[in-house]
There are 2 protein chains.
Amino acid sequence: MKYYSISEASAKFNIPESTLRYYEKKGLLPQIKRDKAGRRLFSEDQITFLGIIIYLKNTHMPISDIKQYVDWVVEGDNTIELRLRMFKNHKQAVLAEISLMTESLKGIDKKITRYTKLIQERKVE
Amino acid sequence: MKYYSISEASAKFNIPESTLRYYEKKGLLPQIKRDKAGRRLFSEDQITFLGIIIYLKNTHMPISDIKQYVDWVVEGDNTIELRLRMFKNHKQAVLAEISLMTESLKGIDKKITRYTKLIQERKVE
DNA sequence: TCTTGACTTAAACCATGGTTTAAGTTGTAT
DNA sequence: ATACAACTTAAACCATGGTTTAAGTCAAGA
């Protein structure tokens with residue numbers, strides 16, 4: 001079974017090692033083994049799991065919620081409904097955030113149009 | 001000319017008064033007048049301007065950048081190119097962020113599908 | 001006149017999400 | 001043997017974006 005060092009995990013996801021240590025300390029990365037020298041060993045499964053955590057981060061799920069999710073994963077299959085509900089709620093929140101950003105971008109686009117015209121007019125003069 | 005009190009501005013945009021004071025202190029809301037009692041008076045134009053600032057906030061522009069934009073607005077028309085460039089850059093950043101969120105959401109959706117199936121299978125047993 | 005509500009200020013405080021530092025350990029190459 | 005790189009830890013530190021507090025002012029109504 002292949003294991004990844006923290007530097008490999010860091011490189012794979014382009015995340016600082018310090019952040020991975022921080023995530024482990026916060027409980028987002030449970031059960032990371034160590035080698036004889038005390039260095040972290042990330043299993044394939046844990047690397048995959050880290051990928052999920054990064055998806056959650058990318059969609060702005062707070063660390064406290066990710067922690068809850070991780071705790072449920074550790075707890076086992078009887079928490080699947082809870083996880084499903086959490087992810088469905090989160091999905092709606094993300095869609096709402098994307099909508100807000102998209103709408104706000106329209107307002108910014110109007111400014112871009114306006115500024116572009118102003119500059120054009122100035123050049124014409 | 002109509003003026004808005006801080007409570008009216010707060011209500012209009014659903015933003016805490018404390019946040020409006022904070023924004024003014026940070027320089028995002030320049031030239032807000034006061035009445036005899038020292039209370040803020042937001043002009044129509046300033047309310048419109050606040051709307052832009054909120055668009056920028058909604059799209060995660062940092063306060064320091066918004067400040068730069070505001071300073072350029074105050075500086076006058078010879079900064080329009082700078083503002084245009086800033087907004088174009090910002091737009092690209094926002095589109096990139098939306099893409100990242102959308103992509104990450106796909107990963108989360110896979111989990112939703114998986115969990116849904118697991119629950120279905122459990123019910124069938 | 002007195003109270004009340006809606007403000008004002010400066011400064012302290014807080015949450016979130018890391019990053020940096022200092023001091024130490026280990027395994028490998030020379 | 002020794003030096004170096006790649007880790008380790010706990011704790012301090014930092015940036016960002018507000019929120020809260022304490023003490024005070026003012027205008028309007030009872």
Side-chain angles (χ1 to χ4, degrees), chain A residues 3-43 46-47 50 52-70 90 93-94 97 100-101 104, chain B residues 3-43 46-47 50 52-70 90 93-94 97 100-101 104:
Chain A
Y3 283 97
Y4 294 71
S5 69
I6 196 168
S7 57
E8 289 170 326
S10 166
K12 180 158 178 110
F13 291 104
N14 198 25
I15 282 189
E17 298 180 12
S18 65
T19 302
L20 293 175
R21 293 192 189 101
Y22 170 74
Y23 286 175
E24 191 196 20
K25 189 160 54 174
K26 284 287 170 176
L28 308 193
L29 300 173
Q31 299 159 357
I32 303 287
K33 289 185 186 168
R34 307 299 164 111
D35 66 11
K36 282 190 299 178
R39 293 183 220 133
R40 288 166 183 80
L41 295 173
F42 295 76
S43 72
Q46 285 168 338
I47 291 289
L50 177 52
I52 304 284
I53 285 170
I54 289 168
Y55 286 149
L56 297 176
K57 287 295 307 170
N58 286 346
T59 52
H60 308 151
M61 183 181 282
I63 284 184
S64 54
D65 288 12
I66 301 179
K67 172 74 162 76
Q68 173 66 274
Y69 164 64
V70 172
H90 181 58
V94 173
E97 195 186 344
L100 180 62
M101 293 179 77
S104 300
Chain B
Y3 284 97
Y4 295 71
S5 68
I6 196 169
S7 57
E8 290 169 327
S10 165
K12 181 160 177 106
F13 291 105
N14 198 26
I15 283 190
E17 298 180 11
S18 64
T19 302
L20 293 175
R21 294 192 189 101
Y22 171 75
Y23 285 175
E24 191 196 21
K25 190 160 51 172
K26 285 287 169 175
L28 307 193
L29 301 172
Q31 300 158 357
I32 302 288
K33 288 185 186 167
R34 306 299 164 112
D35 67 10
K36 282 190 299 180
R39 293 185 221 132
R40 288 166 182 80
L41 295 173
F42 294 77
S43 71
Q46 284 168 338
I47 291 289
L50 177 51
I52 305 284
I53 285 169
I54 289 168
Y55 287 149
L56 297 176
K57 288 295 307 170
N58 287 346
T59 52
H60 307 151
M61 184 181 282
I63 284 184
S64 53
D65 288 12
I66 301 179
K67 172 74 163 76
Q68 172 66 273
Y69 165 65
V70 171
H90 181 57
V94 174
E97 195 186 345
L100 180 61
M101 292 178 78
S104 299

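Numbered from 1 within each chain, the chains take letters A, B, ... in sequence-line order. Just so you know, these numbers use all the heavy atoms, side chains as well, and skip hydrogens, waters and symmetry mates.
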Practice task
Before giving the answer on side chain to side chain contact (heavy atoms under 4.5 Å, CB included), spell out for A:Glu97 and B:His60 the whole-Å C-alpha distance, their side-chain angles and the decisive distance to 0.1 Å.
Solution key: CA-CA 11 Å; A:Glu97 195 186 344; B:His60 307 151; 3.0 Å; yes
Practice task
Assess whether atom OH of A:Tyr55 is packed by more than 12 heavy atoms of other residues, nucleotides or ligands within 6.0 Å.
Solution key: no
For nucleotides 6-8 of chain C, print each protein N/O atom paired with a nucleotide N/O atom at under 3.5 Å, atom names and distance only.
from: C:dC7; atom 1: OP2; to: B:Ser7; atom 2: OG; distance (Å): 2.8
from: C:dT8; atom 1: OP1; to: B:Arg40; atom 2: N; distance (Å): 2.7
from: C:dT8; atom 1: OP1; to: B:Arg40; atom 2: NH1; distance (Å): 2.8
from: C:dT8; atom 1: OP2; to: B:Arg21; atom 2: NE; distance (Å): 3.0
from: C:dT8; atom 1: OP2; to: B:Arg21; atom 2: NH2; distance (Å): 3.0
from: C:dT8; atom 1: OP2; to: B:Arg40; atom 2: NH1; distance (Å): 3.2
from: C:dT8; atom 1: O5'; to: B:Arg40; atom 2: NH1; distance (Å): 3.3

Practice task
Anything under 4.0 Å to a heavy atom of chain B counts; send over the first and last such nucleotide of DNA chain D, read 5' to 3'.
Solution key: D:dG17 to D:dA27
Exercise for the section: Apply side chain to side chain contact (heavy atoms under 4.5 Å, CB included) to B:Phe13 and B:Ile47, showing your working. Expected result: CA-CA 9 Å; B:Phe13 291 105; B:Ile47 291 289; 3.8 Å; yes
Practice task
Give the C-alpha distance, both sets of side-chain angles, the deciding distance and a yes or no for side chain to side chain contact (heavy atoms under 4.5 Å, CB included) between B:Arg34 and B:Leu41.
Solution key: CA-CA 5 Å; B:Arg34 306 299 164 112; B:Leu41 295 173; 6.0 Å; no
Exercise for the section: Please confirm whether the backbone N or O of A:Ile15 pairs with a side-chain atom of A:Ser10, one donor and one acceptor, at under 3.5 Å? Expected result: yes
Practice task
For the pair B:Gln46 (side chain) and B:Gln31 (backbone), establish whether a donor and an acceptor sit closer than 3.5 Å, ignoring hydrogens and angles.
Solution key: yes
Practice task
Tell me, yes or no, whether the heavy-atom count around B:Asp35 atom CG, taken from other residues, nucleotides or ligands under 6.0 Å, exceeds 12.
Solution key: yes
Handout entry: Electrostatic pair B:Lys12-B:Glu8, nearest N-O below 4.0 angstrom
Key = no
Practice task
Assess whether side chain to side chain contact (heavy atoms under 4.5 Å, CB included) is satisfied between A:Lys57 and A:Ile63, documenting all intermediate values.
Solution key: CA-CA 8 Å; A:Lys57 287 295 307 170; A:Ile63 284 184; 4.0 Å; yes
Exercise for the section: Under 4.0 Å between any heavy atoms, over every strand shown, what does B:Thr19 touch: base, sugar-phosphate, or nothing? Just pick one. Expected result: sugar-phosphate
Problem - Contacting residues from residues 53-61 of chain B, given that a heavy atom lies under 4.0 angstrom of DNA chain C - result: none
Problem - Side chain proximity check, B:Leu29 to B:Ile53, heavy atoms < 4.5 angstrom - result: yes
Practice task
Have a look at A:Lys26 and say if it touches a base, only the backbone sugar-phosphate, or nothing, with a 4.0 Å heavy-atom cut-off.
Solution key: nothing
